[in-house]
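Everything on this sheet refers to the single structure shown next.
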Amino acid sequence: MEIKITKTTAPKQKPDEHNLPFGTYMTDHMFVMHYDTDQGGWHDPEIKPYGPIELLPACSVFHYAQECFEGMKAYRTDEGKVQLFRPMENVRRMNTSCERLCIPELPEDVMYNAIKTLVTVDEEWVPHLPGTSLYIRPFVFGTENYVGLRIPDHYLCMIICCPVGNYYKEGINPVKIIIEERDVRAVRGGTGYTKAGANYAISMRAENVAERSGYTQVLWLDGVHRKYIEEVGSMNVMFKIAGKVVTPALEGSVLPGITRKSCIEVMKSWGLAVEERHISIDELMECIKNGTLEEAWGTGTAAVVSPIGVLNYEGKEYTVGSGGIGEVTQRLYDELTGIQWGKRPDPFGWTDPVC
Ligand code: COI
């Protein structure tokens, strides 16, 4: 399928790269593709000026939240070139989400081409300053004008982009996390392993309480036993315990993060032991008390690698390790960001040049 391109005649002013908030300034263009069962599926992929879309109030996504998305970034290298990081991982994961939500499978070659073409069209929006990048947000949702519950025959897939700086105001500095005891994010058999927008909607209440109490994010426990650690806010979580790295196994309720997977591969290449397994809150508390919890950090596209300095459990604060940035956390951050921005060799072949 060929992507039709219509360029804007009124390019917007670009924001100051020194003060780039996350997710606020959209670029000049967007990608749109329609799905209609009676037109044979996905059709008419198009890149056009960023702007409003028209939906009727009966549009199915407003009622049943049949939507999923992805998050990825384009990075500017010191040579002025632009590159992506493992883009096909995002394209494939989006289809995993679509399958769970009964959204028709997206043509992977078209999505990959759309991401690259959109970044090329909006190339001037990829910021230059260290630590900045172009965040890319593909998303897809049901657009049937019908208020009953059934699998729609109409969908819209879009990609928008925005230049971004740090996700957390703390940057690479350690964040404070509170262990959530009331709400749960996901259960096995649900949508925890997908990037369904609804997963993020149901996390807002706990995140909001946490933020109002001075914490950056919450640490989610499993939805059945309220015992096993799952993820932290919008990131996967990893712990260094007595020299070994431990991270919750992927068993259906945890997002299979691309940064998570990359960190595991990098750490294994360093010869570090990495265990993907159940880790209970009791085990974690025991490790804090006996001094074997050396480091904790979150991993995600938006936040990259984010050290956890303080954990709050049952109203009590515990310092993780020294409370600063742990050695493995810093090493991982340097290695991943080094590969992403083209400052370090890419022995894994993860970067993908765009323009
Ligand atoms: C990402 O890390 O890309 C995400 O999708 C998380 C989102 C809350 C910004």
Side-chain angles (χ1 to χ4, degrees), residues 20-27 65 67-75 84-98 100-101 111 115 118-119 126 131-141 157-172 175 177 180 183 185-186 191-208 210-211 215-220 230-238 247 250 253-264 297-308 332-333 336-337 340 350:
L20 268 184
F22 189 88
T24 309
Y25 300 102
M26 302 306 143
T27 61
E67 187 268 357
C68 62
F69 68 94
E70 271 303 321
M72 57 203 293
K73 284 175 174 171
Y75 306 85
L84 299 169
F85 183 75
R86 311 190 81 173
M88 278 311 289
E89 294 283 337
N90 294 89
V91 170
R92 284 193 282 262
R93 188 174 63 182
M94 193 153 172
N95 266 336
T96 304
S97 301
C98 285
R100 177 64 184 85
L101 295 164
M111 291 305 289
I115 292 160
L118 182 59
V119 173
V126 183
T132 62
S133 54
L134 186 76
Y135 188 76
I136 305 164
R137 171 53 63 85
F139 57 109
V140 57
F141 52 96
C157 172
M158 303 185 69
I159 308 175
I160 57 173
C161 303
C162 48
V164 297
N166 282 332
Y167 187 64
Y168 297 125
K169 66 174 178 3
E170 290 89 344
I172 173 74
V175 293
I177 302 289
E180 174 59 28
D183 291 353
R185 179 189 164 272
T191 55
Y193 66 99
T194 72
K195 277 187 90 71
N199 289 347
Y200 295 77
I202 63 164
S203 72
M204 285 180 189
R205 181 169 74 171
E207 302 278 358
N208 184 38
E211 265 173 46
Y215 294 87
T216 310
Q217 295 233 322
V218 302
L219 182 67
W220 298 106
E230 300 233 304
E231 9 184 313
V232 46
S234 45
M235 300 182 288
N236 293 112
V237 68
M238 299 186 173
T247 190
L250 302 178
S253 50
V254 170
L255 185 79
I258 296 157
T259 313
R260 173 190 182 277
K261 178 174 172 173
S262 306
C263 284
I264 292 173
W297 64 92
T299 64
T301 300
V304 197
V305 172
S306 180
I308 299 171
L332 267 180
Y333 179 88
L336 271 196
T337 56
Q340 288 167 336
W350 287 337

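As the structure lists them, so they are numbered: ligands from 1, and atoms in each ligand from 1.
Close approach of ligand 1 to Phe69 is summarised as follows: ligand atoms under 4.0 Å from at least one heavy atom of the residue are 5 (O). Within ligand 1, counting atoms from 1 as listed, the ones closer than 4.0 Å to a heavy atom of Gly71 are 3 (O).
Residue-level proximity to ligand 1 for Lys195 is carried by the side chain, the only part with a heavy atom below 4.0 angstrom.
A distance of 4.5 Å separates CG of Asn90 from CD of Glu70, quoted to the nearest 0.5 Å. Atom NZ in Lys73 sits 7.0 Å away from atom CD in Gln340 (nearest 0.5 Å).
Salt bridge present: Lys261 and Glu89 bring a charged side-chain N and a carboxylate O closer than 4.0 Å.
The protein atom (non-hydrogen) at minimum distance from atom 6 (C) of ligand 1 is Ser234 CB, 3.9 Å. Atom 2 (O) of ligand 1 has its closest protein heavy atom at Ala302 N, 2.9 Å.
Residue-ligand proximity: Arg137 is placed with a non-hydrogen atom under 4.0 Å from ligand 1. In this structure, Met72 does not count as a contact residue of ligand 1, since none of its heavy atoms falls inside 4.0 Å of the ligand.
Between the Thr24 side chain and the Leu20 main chain, no donor and acceptor come within less than 3.5 Å of each other. With hydrogens and angles disregarded, a donor-acceptor distance shorter than 3.5 Å links the side chain of Ser97 to the backbone of Lys195.
Under a cut-off of 6.0 angstrom, the local environment of OH in Tyr25 is sparse, with at most 12 non-hydrogen atoms contributed by other residues, nucleotides or ligands.
Remark: among candidates Tyr135, Tyr200, Tyr167, the nearest residue to atom 1 (C) of ligand 1 is Tyr135, based on non-hydrogen atoms.
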